[in-house]
Colleague: 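Just dropping this structure here.
In what follows, chains are A, B, ... by sequence order, proteins preceding strands, each numbered from 1. The model shown is predicted, which means the values in this text are computed figures rather than measured ones.
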Number of protein chains: 2
Amino acid sequence: MNMREFSDKVELSAYTLRYYEKVGLLKHVQRNTSGHRIYSNRDIDWVDFIKRLKDTGMPLKEIQKYASLRELGAQTVKERQELLEKHQENLVKHIRQQNEHLKALDAKINLYKSGEVS
Amino acid sequence: MNMREFSDKVELSAYTLRYYEKVGLLKHVQRNTSGHRIYSNRDIDWVDFIKRLKDTGMPLKEIQKYASLRELGAQTVKERQELLEKHQENLVKHIRQQNEHLKALDAKINLYKSGEVS
DNA sequence: CTACTAGTTAGAGTTAACTCTAAGTCAACT
DNA sequence: AGTTGACTTAGAGTTAACTCTAACTAGTAG
């Protein structure tokens, strides 16, 4: 599929997709005879995974690191797993923290509701 | 308390605290005779609340809006409550989303654990 | 009196992650 | 042949949220 279709599907602008390629998140995207990019379904999966990592707070630099390890094939499986497990741990902490924040916010709102705030 | 003590207590650099003042998050901080800032316990509470909003993804601009409403006193209670309730709603959504991401990440890691990834 | 410490200001610099601009190419229509 | 539209590139510009620099001052210890 072409840029526009892919951009629509993954909900990232063409600018962002080219940027992701520039910083090494997306590698060897195919080209047609006139030099335009052609994306595959595997590209969709990969970008979706990038988005997931990003949405859970992983910086693009670290996603790039994961991408590079992936490039190196089977010998980096362990390292990639560790990277993801570390991220998983951070995410669990983050969710715990956010739940605490939510509780405190609920309490604050209850003060407003009961008219104890001016 | 002075800059250093306050900075230690709220775990924000002096740079950041001055910046927060500059952008209108912190207002009428007291000064001593030589022009140095003096912070109170109420300042601690307020900065802690700012941090909570920030940590839950509220942009400083919106926190600033809340701060400004607070300045205007009792007549803005309703508006402030609404602002917080909107944020609460976003936060609930965010937590839900993060939990979904976590589940997907768990699944991915399980693929690694069972050797289904190369 | 001098040195040191802890602050002060205005404004410049940094970083991440885009986002856009300008100039150009290529294929398809009219 | 000319126009349109969807791309291409290199590189400049933007935004949020800091972070730092330079030059200065006030209070304290030796």
Colleague: Rounded to the nearest Å, what distance is computed from the OH atom of residue Y15(A) to the P atom of nucleotide dA6(D)?
Modeller: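 Roughly 13 Å, once rounded to whole Å.
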Colleague: Distance from Y20(A) atom OH to K54(A) atom NZ, nearest 0.5 Å?
Modeller: 4.5 Å
Colleague: What nucleic acid atoms does K22(B) come within less than 4.0 Å of, heavy atoms only: base, sugar-phosphate, or nothing?
Modeller: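 The residue K22(B) makes base contact.
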Colleague: Classify the nucleic acid contact of R4(B) as base, sugar-phosphate or nothing, counting any heavy atom under 4.0 Å across all strands shown.
Modeller: sugar-phosphate
Colleague: Could you say whether E5(A) or L12(B) is positioned toward the 5' end of DNA chain D, judged by the nucleotide with the nearest heavy atom to each?
Modeller: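 Result of the comparison: E5(A).
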Colleague: Could you check how far NE2 of H36(A) sits from P of dG5(D), rounded to whole Å?
Modeller: 15 Å
Colleague: Got more than 12 heavy atoms from elsewhere within 6.0 Å of CZ, R31(B)?
Modeller: yes
Colleague: Look at the side chain of Q97(A) and the backbone N and O of T56(B), then say whether any donor-acceptor pair between them is shorter than 3.5 Å.
Modeller: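 No, because the side chain of Q97(A) does not come within donor-acceptor range (under 3.5 Å) of the backbone of T56(B).
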Colleague: In whole angstroms, how far is the C1' atom of dT8(D) from the CD1 atom of I38(A)?
Modeller: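 Going from I38(A) (CD1) to dT8(D) (C1'), I get 14 Å.
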Colleague: Could you list where the contact with chain A starts and ends along DNA chain C, reading 5' to 3', using a 4.0 Å heavy-atom cut-off?
Modeller: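 In short, chain A contacts DNA chain C from dA16(C) to dC26(C).
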Colleague: To the nearest 0.5 Å, what is the distance between CZ (R52(B)) and CG (D48(B))?
Modeller: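 Reported to 0.5 Å precision, the distance equals 7.5 Å.
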Colleague: Between Y20(A) and A14(B), name the one whose nearest nucleotide on DNA chain C is closer to the 5' end.
Modeller: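 That would be A14(B).
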Colleague: What is the distance, rounded to the nearest whole Å, between atom CG of L17(A) and atom C1' of dA6(D)?
Modeller: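 Atom CG in L17(A) sits about 15 Å away from atom C1' in dA6(D).
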Colleague: Give every residue pair that meets the ring pair (Phe, Tyr, Trp, His ring centres under 6.0 Å) criterion with at least one member in residues 78-118 of chain B, sequence neighbours excluded.
Modeller: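 Those involving residues 78-118 of chain B are H94(A)-H94(B).
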Colleague: What residue among K27(B), H28(B), R37(B) forms side chain to side chain donor-acceptor pair (under 3.5 Å) with E21(B)?
Modeller: R37(B)
Colleague: Do any side-chain nitrogens or oxygens of R37(A) fall under 4.0 Å of OP1 or OP2 in dC7(D)?
Modeller: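 Answer is no, no contact under 4.0 Å.
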Colleague: OP1 or OP2 of dC7(D) less than 4.0 angstrom from a side-chain nitrogen or oxygen of N2(A), does that happen here?
Modeller: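 True: N2(A) side-chain N/O within range (under 4.0 Å) of dC7(D) OP1/OP2.
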